[in-house]
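In what follows, a single structure is set out as structure tokens and then discussed.
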Amino acid sequence: MSEDFSSFSMMELFRSEAQTQLAGLNDGLLALENDPEAANAHAEALMRAAHSLKGAARIVNLDPAVRIAHAMEDDFVALQEGRIKLGAAAIDTLLRAVDFLGKLSQLEEFELPSWADHNRPEVDNLVADLQRILSGSVEEPVPSSASPKAPTIEAEAQDFSG
């Protein structure tokens, strides 16, 4: 027996689809973070989730979500084809996109136009960060086991020159 969705708005249907796909993206990325060698096992599911999310966002004319999901999909296709590997920084960027899309999907319809205008720079930056993953130019963080740099004499002198 199938559910009757006739009383749902298109945005509510998008929200439901987004919740499902974002959960899959989050779980897949966390699994990949824990086992980077398992990229082949997760790449197709991640690509499909991003693709489904992009399609759902397109149906409700939610351009920021379409752009972000499309950039994520491109990353996952490249991963699937073995053109890239996802390091910690790339996974962090992708998880940031998942969180961003999750917040976006919870907005009410009347909030979307002003939200899109106000958050255009953040969307542009996130899409650019996702595109940088394709070129391998995402900077990997320094491992936390590395010792912090000792302050230089010049920096110490500036601290006391106030």
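Under the rule for a side chain to side chain donor-acceptor pair (under 3.5 Å), Glu37 has no partner lying at least two apart in sequence or in another chain. Remark: Glu109 pairs with Ser9, Met11 by the side-chain contact (heavy atoms from CB on, under 4.5 Å) rule, at least two apart or across chains. In terms of the side chain to side chain donor-acceptor pair (under 3.5 Å) criterion, residue partners of Asp117 (sequence neighbours excluded) are, by chain and number, Arg120. By the side-chain contact (heavy atoms from CB on, under 4.5 Å) test, Asp27 is found to be paired with no residue, residues two or more places apart in sequence or in another chain being considered. In this structure Arg48 satisfies the side-chain contact (heavy atoms from CB on, under 4.5 Å) test together with Glu44, sequence neighbours excluded. In this view, Arg67 and Asp124 satisfy the side chain to side chain donor-acceptor pair (under 3.5 Å) rule, not counting sequence neighbours. Glu17 is linked by a side-chain contact (heavy atoms from CB on, under 4.5 Å) to Gln21, Ser52, Ala56, counting only residues two or more places apart in sequence or in another chain.
For the side chain to side chain contact (heavy atoms under 4.5 Å, CB included) with Leu25, the lone residue among Leu53, Leu101, Leu95 that qualifies is Leu53.
Note on residues 80-91: pairs passing salt bridge (Lys or Arg N to Asp or Glu O under 4.0 Å), not counting sequence neighbours, are Glu81-Arg83. Residue pairs meeting the ring-ring contact (aromatic ring centres under 6.0 Å, His included) criterion with at least one partner in residues 12-62, sequence neighbours excluded, are absent. Identified under the ring-ring contact (aromatic ring centres under 6.0 Å, His included) test for residues 74-102, with sequence neighbours left out: Phe100-Trp115.
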Start with the C-alpha gap between Leu112 and Leu104, add the side-chain angles, then the distance that decides, and say whether side chain to side chain contact (heavy atoms under 4.5 Å, CB included) holds. CA-CA 8 Å; Leu112 291 171; Leu104 171 57; 3.9 Å; yes
Apply side chain to side chain contact (heavy atoms under 4.5 Å, CB included) to Asn40 and Leu79, showing your working. CA-CA 8 Å; Asn40 291 340; Leu79 177 67; over 6 Å; no
What verdict does the side chain to side chain contact (heavy atoms under 4.5 Å, CB included) test give for Gln131 and Asp74, after you've listed the backbone C-alpha separation in whole Å, the side-chain angles of each residue and the deciding distance to 0.1 Å? CA-CA 8 Å; Gln131 290 170 338; Asp74 287 347; 6.0 Å; no
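Distance check, rounded to the nearest 0.5 Å: CG of Leu126 to OG1 of Thr93 gives 8.0 Å. Summarising the geometry, atom CG belonging to Leu86 is positioned 5.5 Å from atom CG belonging to Leu32; distances are rounded to the nearest 0.5 Å. Taking CD from Gln80 and CG from Leu46, the interatomic distance works out to 9.5 Å, rounded to the nearest 0.5 Å. Note that CG of Leu94 and CD1 of Ile133 are 4.0 Å apart. Values are rounded to the nearest 0.5 Å. Note: Lys54 NZ to Glu73 CD = 3.5 Å, rounded to the nearest 0.5 Å.
Annotation: side chain of Arg96 is in contact with side chain of Asp129 (closest heavy-atom distance under 4.5 Å). Counting heavy atoms from C-beta outward, Arg58 and Asp63 have side chains that stay 4.5 Å or more apart.
A distance-only check finds a donor-acceptor pair linking the side chain of Glu111 to the backbone of Glu108 [under 3.5 Å]. The backbone N or O of Leu107 lies less than 3.5 Å from a partner atom in the side chain of Arg15, making a donor-acceptor pair. Between the Ser16 side chain and the Glu12 main chain, no donor and acceptor come within less than 3.5 Å of each other. Side-chain atoms of Asn34 come within 3.5 Å of backbone N or O of Leu30 as a donor-acceptor pair.
In terms of heavy-atom proximity, Ala65 sits nearest to Ala57 at CB-CB, 3.6 Å. Considering all non-hydrogen atoms of both residues, Ser105 and Leu22 come closest at OG-CD1, 4.4 Å.
Placement of Val66 and Leu130 in two distinct hydrophobic clusters is found when ILVMFWY residues are connected by side-chain heavy-atom separations under 4.5 Å, directly or transitively.
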